Amino acid sequence: AQSVAQPEDQVNVAEGNPLTVKCTYSVSGNPYLFWYVQYPNRGLQFLLKYITGDNLVKGSYGFEAEFNKSQTSFHLKKPSALVSDSALYFCAVALYGNNRLAFGKGNQVVVIP
Amino acid sequence: DGGITQSPKYLFRKEGQNVTLSCEQNLNHDAMYWYRQDPGQGLRLIYYSQIVNDFQKGDIAEGYSVSREKKESFPLTVTSAQKNPTAFYLCASSLEGALLGTEAFFGQGTRLTVV
């Protein structure tokens with residue numbers, strides 16, 4: 001079975017500073033990894049994904065994530081955070097051959113003006 | 001305007017009643033999903049469907065039922081057997097499903113409250 005862990009409940013960062021949201025995964029094969037963002041009382045919006053190839057993936061709104069197979073991590077990063085980045089961020093993993101998409105519990109990001 | 005639509009946005013249910021949450025997509029996606037979201041627990045998979053007339057149980061299927069009679073529709077029924085149904089329910093669809101790494105598109109959610 002696949003699973004993801006998002007170890008921090010909340011991430012606080014000052015506007016303009018780098019933002020990192022951590023995600024580690026556990027699968028028995030090659031993973032497909034995703035990041036989504038959720039604003040209050042809304043659905044999730046896709047940010048980026050890793051399927052294969054380059055370990056550094058660039059996505060929407062200036063976000064990027066780095067796949068690290070040895071550390072089984074897929075941390076989300078943004079060089080300069082905006083107040084509008086304040087939201088709930090979810091990491092998710094799917095396993096080739098298994099159609100289930102497993103989500104982490106989410107990280108609340110608060111960007112302080 | 002393509003997308004995935006959930007209705008209603010808010011739903012109130014009396015104890016002992018069944019209620020059905022609607023999910024419609026016009027993206028021509030094969031796969032559809034239902035998730036339940038509770039504070040601090042992330043998203044948990046209730047049911048998913050890879051193709052019309054086929055669906056599989058997720059991690060928390062007890063007390064729920066689904067149908068997939070049309071490609072664009074995947075309604076979820078919350079039955080009286082679901083002991084704690086108050087939650088935020090999210091429907092999603094994807095072109096080929098997580099199996100091939102295609103991302104999911106989510107509806108805006110239905111907040112169900114038992115009164």
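Quick caveat: nothing in here was measured; it's all calculated off a predicted structure. The sequence lines fix the lettering, A, B, ..., with proteins before strands; numbering per chain opens at 1.
- Interface remark: A:Gln38 contributes side-chain atoms only to the contact with chain B (heavy atom separation under 4.5 Å).
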| message | Run the side chain to side chain donor-acceptor pair (under 3.5 Å) test on B:Tyr64 and B:Arg36 for me, step by step, so that the C-alpha distance in whole Å, both residues' side-chain angles and the decisive distance to 0.1 Å come before the verdict. | response | CA-CA 11 Å; B:Tyr64 300 98; B:Arg36 171 178 170 143; 2.9 Å; yes
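- When all heavy atoms of B:Cys23 and B:Met32 are compared, the closest pair comes out as SG-CE, 3.6 Å.
- Aromatic rings from A:Tyr36 and B:Phe106 are positioned such that their centres are separated by under 6.0 Å.
- The minimum heavy-atom distance linking B:Thr79 with B:Asn18 is given by the pair CA-OD1, 3.2 Å.
- Heavy atoms of A:Asn41 lying under 4.5 Å from chain B belong to its backbone as well as its side chain.
- Using a 4.5 Å cut-off between heavy atoms, A:Tyr50 does not touch chain B at all.
- At a heavy-atom separation below 4.5 angstrom, chain B is approached by A:Leu88, A:Phe90 within residues 60-90 of chain A.
- Contact annotation for B:Gln6: neither backbone nor side-chain heavy atoms come within less than 4.5 Å of a heavy atom of chain A.
- Between B:Val114 and B:Thr86, the shortest heavy-atom distance links the atoms N-OG1, 3.1 Å.
- Heavy-atom minimum distance, B:Asp38 versus B:Ala87: OD1-CB, 3.5 Å.
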| request: Applying salt bridge (charged side-chain N to carboxylate O under 4.0 Å, His left out), run through B:Asp54 and B:Arg68 and close with a yes or a no. | output: CA-CA 7 Å; B:Asp54 184 58; B:Arg68 187 84 187 277; over 6 Å; no
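- Using a 4.5 Å cut-off between heavy atoms, B:Ala104 contacts chain A through both its backbone and its side chain.
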| request: Would you please test B:Glu24 and B:Thr5 for side chain to side chain donor-acceptor pair (under 3.5 Å) and show each step? | output: CA-CA 5 Å; B:Glu24 304 276 333; B:Thr5 302; over 6 Å; no
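- Sorted by first and then second residue, the side-chain hydrogen bond (donor to acceptor under 3.5 Å, both in side chains) pairs involving residues 11-22 of chain A (not counting sequence neighbours) are A:Gln10-A:Asn12.
- Residue contact with chain A, scored on non-hydrogen atoms closer than 4.5 Å, involves the backbone and the side chain of B:Gln108 alike.
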